[in-house]
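Computed from a prediction, not measured in an experiment: that's the story for all the values here. Throughout, numbering of the chain's residues begins at 1 and tracks the sequence.
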Amino acid sequence: MTRLAQTEGLTDIQQEILSTVRDFVDKEIIPVATELEHRDEYPSQIVEGLKELGVFGLMIPEEYGGLGESLLTYALTVEEIARGWMSVSGIINTHFIVAYMLKQHGTQEQKDYFLPKMAAGEIRGAFSMSEPALGSDVSAISSKGVRDGDEYVLNGQKMWLTNGGSSTLVAVLCRTDEGHPEGTAPHKSMTTFLVEKEAGFGEVRPGLTIPGKIDKMGYKGVDTTELIMDGLRIPADRVLGGETGRGFYHMMDGVEVGRVNVAARGCGVAQRAFELGVSYAQQRHTFGKPIAQHQAIQFKLAEMATKVEAAHAMMVNAARKKDSGQRNDLEAGMAKYLASEYCKEVVEDAFRIHGGYGFSKEYEIERLYREAPMLLIGEGTAEIQKMIIGRRLLEEYRIQGEHPVWAGMA
């Protein structure tokens with residue numbers, strides 16, 4: 001284990017899990033990550049290895065075949081995986097969010113049917129909120145589900161679906177006006193549907209098309225897609241929780257733990273960038289000595305290490321707050337915001353330490369430099385996080401007797 005980003009108070013089981021995952025990352029992910037990333041190839045062998053380790057069921061309760069571990073254990077596992085290759089942690093994250101939503105909000109029948117298969121990795125999960133025209137404004141979704149007897153008919157287009165092709169279960173957020181009179185707040189007329197499908201691209205079930213992979217600057221390997229619903233029929237018993245109008249709350253709960261995950265990814269990528277930077281600085285010589293002996297480089301290393309430590313501490317705090325059963329949107333927002341920003345800065349400093357070689361695809365830092373920006377927008381932009389943080393702070397520090405300053409805002 002490295003000196004940086006240590007976590008106090010872990011149990012023997014947690015330490016054993018993390019040690020096993022770190023060993024897997026060092027042996028099975030880091031040696032092949034850059035080559036697979038350059039080919040934009042899905043890491044099937046790596047995913048199968050994580051399946052055998054039980055990572056897909058890490059937080060699923062033991063009664064459903066999972067390991068029943070905490071969000072903290074999961075976040076620290078993600079940190080290790082992202083240190084090897086961030087795309088792999090994305091494959092795990094979307095699966096985890098759907099499993100978490102099912103565990104927290106699913107009917108007993110839905111839990112009994114899906115969770116054992118998800119714990120075994122037989123069903124791979126993805127979730128879908130975003131649409132081409134709405135960005136961060138989730139309340140403006142236009143995809144719609146209309147009741148037709150014992151089914152719902154879904155129509156609409158979704159965007160930025162991680163695991164869109166490889167997943168076999170997608171949690172899809174749609175508008176449902178049934179039972180919600182005109183004038184109902186938009187977020188109270190949304191429903192999450194559990195959509196089963198075949199893995200692959202094209203028409204993966206009648207009325208559902210996954211067009212193909214979106215070509216991205218970074219975050220390659222994992223498939224990011226659109227999702228098009230055209231007369232897609234879903235049984236009514238595949239409404240998450242069995243009740244319409246709760247979808248917005250289900251998704252926001254999932255995104256909240258997803259933000260802890262993104263913070264963990266930022267920590268992992270930043271750790272790897274520091275490792276690459278501090279190693280290269282001791283190998284590269286200028287003016288007759290290793291560049292690590294130049295004060296300017298030592299200052300960079302000091303700043304990078306401090307940022308790695310600070311981001312890790314905030315991520316751990318956010319995970320532990322959620323595990324305790326307390327509200328953690330403030331802590332999750334802060335952790336996601338800080339970790340993603342610091343990750344970008346640490347990666348750039350490592351890139352600068354590499355000099356011209358950092359621009360070469362032969363060096364791992366080039367891949368990290370293209371991956372880090374995704375964390376700035378995934379699970380909510382920095383601006384969205386600051387809005388959440390600001391509002392929560394005003395709740396906490398509100399002057400007695402005063403109404404929230406954002407009351408009545410559009």
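- With sequence neighbours left out, the side-chain contact (heavy atoms from CB on, under 4.5 Å) criterion links S340 to K336, L375, L376.
- Between M251 and V172, the shortest heavy-atom contact is CE-C, 4.2 Å.
- The side-chain contact (heavy atoms from CB on, under 4.5 Å) test with V239 singles out one residue from I234, L194, T191, and that residue is T191.
- Residues passing the side-chain contact (heavy atoms from CB on, under 4.5 Å) test with A264, sequence neighbours excluded: A75, V78, E79, M315.
- Pairs engaging residues 190-199 under the salt bridge (Lys or Arg N to Asp or Glu O under 4.0 Å) rule: E196-R238 [sequence neighbours left out].
- Taking every heavy atom of both residues into account, M229 and L227 meet most closely at CG-CD2, 3.5 Å.
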Distance-only donor-acceptor pairs under 3.5 Å for side chains of residues 52-62, two or more places apart:
none

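- Among residue pairs with one or both ends in residues 350-360, those qualifying as side chain to side chain donor-acceptor pair (under 3.5 Å) are E348-R352; sequence neighbours excluded.
- With sequence neighbours excluded, the residues that form a salt bridge (Lys or Arg N to Asp or Glu O under 4.0 Å) with D40 are K213.
- When the salt bridge (Lys or Arg N to Asp or Glu O under 4.0 Å) test is applied to R327, the partners found at least two apart in sequence or on another chain are D329, E395.
- In this structure, the side-chain hydrogen bond (donor to acceptor under 3.5 Å, both in side chains) partners of Q157, at least two apart in sequence or on a different chain, are E226.
- Here the closest heavy-atom approach between residue P211 and residue T209 is recorded as CD-O, 3.6 Å.
- For D215, the salt bridge (Lys or Arg N to Asp or Glu O under 4.0 Å) partners two or more places apart in sequence, or in a different chain, are K220.
- The existence of a salt bridge linking K361 and E366 is confirmed by a sub-4.0 Å separation between a basic side-chain nitrogen and an acidic carboxylate oxygen.
- Among residues two or more places apart in sequence or in another chain, the side-chain hydrogen bond (donor to acceptor under 3.5 Å, both in side chains) test is passed with Q293 by none.
- Smallest separation of non-hydrogen atoms from I353 and K300: CG1-CD, 4.1 Å.
- Residues forming a side-chain contact (heavy atoms from CB on, under 4.5 Å) with S166 (at least two apart in sequence, or on another chain): Y42, N163, D223.
- Classification of K307 and E341 as a salt-bridged pair fails, no side-chain N sitting under 4.0 Å from a carboxylate O.
- Residue pairs that meet the salt bridge (Lys or Arg N to Asp or Glu O under 4.0 Å) test with at least one member in residues 258-272, sequence neighbours left out, are R272-E275, R272-E364.
- Under 3.5 Å, the side chains of S279 and Q283 contain a donor-acceptor pair of N or O atoms.
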